[in-house]
Peer 1: 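One structure, pasted below without further comment.
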Amino acid sequence: MTLRTVIRGVGSYLPARIVTNAELAAKVDTTDEWITERTGIRERHVAADGEFTSDLAIAAAERALKAGGIDGSQLDLIVVATATPDNTFPATAAKVQARLARPGVPSFDIQAVCSGFVYALATVDNFVRAGQAKTALVIGAETFSRILDWNDRTTCVLFGDGAGAVVVTAEQGSGTGSDRGILSTHLHSDGRQHDMLLVDGGPSTTQTTGHVRMKGKEVFRHAVVNLAEAVNEALAANSLTSQDLDWLVPHQANRRILDSTAQKLGIDPAKVVVTVDRHANTSAASIPLALDAAVSDGRIKPGHLVLMEAMGGGFTWGSALARM
Ligand code: UT7
C-alpha cells in the first residue's frame, strides 16, 4: 500500500475582459497575423483594475472545491504558485487561506514562474505521501498584465491573466501505475540561464516591480529540448511510452512549442490540450486552466493518464504524471 495524491476537483477562473490581437495591434507595432502565426495566440484575458491575483486564485479554488465536493473546512494545506503575488509578502496563499480554510491551516507561495504549478503539485504530493496533508489546494494564479511592458511588442503580446486550481486528497493506492493520483513528479532548474527570461526589478535589486524581459528565440530552443526531456523522464520512471498517455497537458507558451514537443515525442496532436489560442501564456496558471478546460468539456475522464509539463524563467522545468 502507498499513499497517493488524488486530484478530486479542478476549477479555473478567467477575468471577464478579453483583449484581442487586433486591440494590441492598435497600440504597439504588431499585427494579428504575426501573433497568430508565431505563437498561435488570438486573445488573452486581462484582470480588471482592483482585481488581484488572490481574487483569481480564490475564484478558481472555490470552483475546484465545488467540483470535488469538498468543503473548505476540510483543507489542511494551501499552496499557490505565482510570480505575480498581490504583495512582495505575505504570500498570496495566506489570502486564500483566510477566505477558504480554517484558521491555522498552513499556506505558502511557490515561485518557479511558468513551472510553478508543476513545482507546487510536486511539493503537495510530497506533503501528502509523507502523511503531513490529507486535503490540499494547489493553485496557479497570475496577473502578468501587471508586469508587462505594454510598449514592448516582443513580450506584451504573449501573456494573459488567469487562475486554475486542483483540490487533492490522500488516498491509499496499491503502489502500481493503475492507481488514481499522482504517479511521479520530476523537477529541474538551471540558474545559469537567469538572464534569458526575467523580470528586471525586485525588492532587493531595484526596489521596483520591473517588467518581463525575454530572449524569445533562446528560450524557445531550450523549451523544446527541456520539455521533451521532462516528458521522457516521466515516461521512463513509470515504464510507459508516449502511446500510453491519454492526454498531454502542457504549459501554454506558444503553439509552435506544443506542436514540436508533441512531434518530437510521437504524441498524437489530438491528445494535446491546447488553450494558448484563447488564454495566451498565463504562466503558473496555464496548466490548471488547460486541465480544467479539458475536464469540463468531458475530454479528460476519470482513469485517464495525464502528463503535465512546463518550463519557465530560472530556467525551471518539470513534469507530473497523474491518473485522474
Ligand atoms: O513561458 C515561458 C517560456 N516562454 C516561451 O517558451 C517563449 C518562447 N519563445 C517564443 O515563443 C518565440 O521566440 C517568440 C514568440 C517570443 C518570438 O517568435 P520568434 O519566431 O522567435 O521571433 P523572433 O524573436 O526571432 O523575431 C522575429 C522578428 C523580429 O524582427 P526582425 O529582427 O526579424 O526584423 C522581431 O523584431 O519578429 C519581430 N517581432 C515582432 N513583429 C511583430 C517580435 N515581436 C513581434 C511582434 N509583432 N509582436
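Atoms within a ligand are numbered from 1 in the order they appear, just like the ligands themselves. Each residue takes its place number in the sequence, starting with 1. Model, not experiment: these values are computed from the prediction. All heavy atoms count here, side chains included; hydrogens, waters and symmetry mates do not.
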Peer 1: Using distance alone, with no hydrogens and no angle criterion, decide if Gln252 and Ser286 have a side-chain donor and acceptor under 3.5 Å apart.
Peer 2: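 No, no side-chain donor-acceptor contact under 3.5 Å.
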Peer 1: Would you say atom 42 (C) of ligand 1 has a protein heavy atom nearer than 4.0 Å?
Peer 2: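 Looking at atom 42 (C) of ligand 1, one finds that a protein heavy atom does lie closer than 4.0 Å.
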Peer 1: Within ligand 1, which atoms have a heavy atom of Thr39 less than 4.0 Å away?
Peer 2: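 Those qualifying, in numeric order: 15 (C).
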Peer 1: Could you tell me if the side chain of Trp150 sits less than 4.5 Å from the side chain of Leu24, heavy atoms only?
Peer 2: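 Of all side-chain heavy-atom pairs linking Trp150 with Leu24, at least one is under 4.5 Å.
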Peer 1: Are Leu258 and Leu321 connected in a single hydrophobic cluster, I mean Ile/Leu/Val/Met/Phe/Trp/Tyr linked by side-chain heavy atoms less than 4.5 Å apart?
Peer 2: yes
Peer 1: Can you report which non-hydrogen protein atom sits closest to atom 16 (C) of ligand 1, along with the distance?
Peer 2: Leu158 CD1, 3.8 Å
Peer 1: What protein heavy atom sits nearest atom 6 (O) of ligand 1, and how far away is it?
Peer 2: Ile257 CD1, 3.1 Å
Peer 1: Do Ser319 and His186 get their side chains close enough for a donor-acceptor pair, meaning under 3.5 Å?
Peer 2: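 No - no donor-acceptor pair under 3.5 Å links their side chains.
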Peer 1: Hey, could you give me the OH/CD distance between Tyr119 and Gln111, rounded to the nearest 0.5 Å?
Peer 2: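 Between Tyr119 OH and Gln111 CD, I get 10.5 Å after rounding to 0.5 Å.
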Peer 1: Kindly identify the option in Gly216, Ala310, Cys156 whose heavy atom sits closest to atom 13 (O) of ligand 1.
Peer 2: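 The nearest heavy atom belongs to Gly216.
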Peer 1: Around atom 22 (O) of ligand 1, find the nearest protein heavy atom and jot down its residue, atom name and distance.
Peer 2: Arg38 NH1, 3.4 Å
Peer 1: Would you mind checking which non-hydrogen protein atom is closest to atom 1 (O) of ligand 1, with the distance to 0.1 Å?
Peer 2: Asn281 ND2, 2.7 Å
Peer 1: By number and element, which atoms of ligand 1 are closer than 4.0 Å to a non-hydrogen atom of Cys114?
Peer 2: 1 (O), 2 (C)
Peer 1: With the threshold set at under 4.0 angstrom, would you say Thr155 reaches ligand 1 through any of its heavy atoms?
Peer 2: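 For ligand 1, residue contact (heavy atoms, under 4.0 Å) with Thr155 is absent.
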Peer 1: Is it true that Glu229 and His188 share a donor-acceptor pair across their side chains at a distance under 3.5 Å?
Peer 2: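 The answer is no; no qualifying pair exists.
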Peer 1: Hey, is Val157 touching ligand 1 through its side chain, its backbone, both or neither, going by heavy atoms under 4.0 Å?
Peer 2: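 The side chain, only.
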Peer 1: Where is the nearest protein heavy atom to atom 23 (P) of ligand 1: which residue, which atom, and how far?
Peer 2: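 I find the closest protein heavy atom is Lys217 NZ, 4.0 Å.
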Peer 1: Considering non-hydrogen atoms of the protein only, which is the closest contact for atom 37 (O) of ligand 1, and what is the distance?
Peer 2: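 Looking only at protein heavy atoms, the one closest to atom 37 (O) of ligand 1 is Trp34 NE1, 3.2 Å.
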Peer 1: Answer yes or no for atom 32 (O) of ligand 1: protein heavy atom present at a distance under 4.0 Å?
Peer 2: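 No, no protein heavy atom sits under 4.0 Å from atom 32 (O) of ligand 1.
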Peer 1: Tell me if a side-chain donor or acceptor on Asp277 pairs with a main-chain N or O of Ile41 at a distance below 3.5 Å.
Peer 2: no
Peer 1: Side chain, backbone, both or neither: which applies to Met214 and ligand 1 if a contact is any heavy-atom pair less than 4.0 Å apart?
Peer 2: side chain
Peer 1: Just by distance, no angles: are the side chains of Asp179 and Ser174 close enough, under 3.5 Å, to form a donor-acceptor pair?
Peer 2: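 There is such a pair (donor and acceptor under 3.5 Å, judged by atom type) between the side chains of Asp179 and Ser174.
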Peer 1: Hydrogens and angles aside, do Ser54 and Asp86 bring a side-chain donor and acceptor to less than 3.5 Å of each other?
Peer 2: yes
Peer 1: Kindly confirm or rule out an N or O of Arg153 lying under 3.5 angstrom from an N or O of ligand 1.
Peer 2: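 Yes, Arg153 has an N/O under 3.5 Å of an N/O on ligand 1.
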Peer 1: Look at atom 5 (C) of ligand 1 and find which of Leu24, Ile35, Val219 reaches it with the closest heavy atom.
Peer 2: Val219
Peer 1: How far is atom 12 (C) of ligand 1 from the closest protein heavy atom, and which atom is that?
Peer 2: Asn254 ND2, 3.9 Å
Peer 1: Any atoms of ligand 1 less than 4.0 Å from a non-hydrogen atom of Thr154? List them with their elements.
Peer 2: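 The list of qualifying atoms is 43 (C), 44 (N).
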Peer 1: Please determine which of Ile139, Val96, Val79, Thr92 meets the side chain to side chain contact (heavy atoms under 4.5 Å, CB included) test together with Asp109.
Peer 2: Thr92
Peer 1: Return a yes/no value for Thr30: is any of its N or O atoms, backbone included, closer than 3.5 angstrom to an N or O of ligand 1?
Peer 2: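 It does: an N or O of Thr30 is found under 3.5 Å from an N or O of ligand 1.
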Peer 1: Check whether the side chains of Asn21 and Arg44 place a donor and an acceptor atom closer than 3.5 Å, and report yes or no.
Peer 2: yes
Peer 1: Does some non-hydrogen atom of the protein lie less than 4.0 angstrom from atom 20 (O) of ligand 1?
Peer 2: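 True for atom 20 (O) of ligand 1.
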Peer 1: What atoms of ligand 1 come closer than 4.0 angstrom to any heavy atom of Leu197?
Peer 2: 2 (C)
Peer 1: Could you label the plane-to-plane angle of the His279 and His45 rings as parallel, tilted or perpendicular, counting under 30° as parallel and over 60° as perpendicular?
Peer 2: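 Geometry flag for His45 against His279: perpendicular rings.
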Peer 1: Is the closest side-chain donor-acceptor distance between Glu171 and Thr169 under 3.5 Å?
Peer 2: yes
Peer 1: In the protein, which heavy atom is nearest to atom 18 (O) of ligand 1, and how far is it?
Peer 2: Arg256 NH2, 3.5 Å
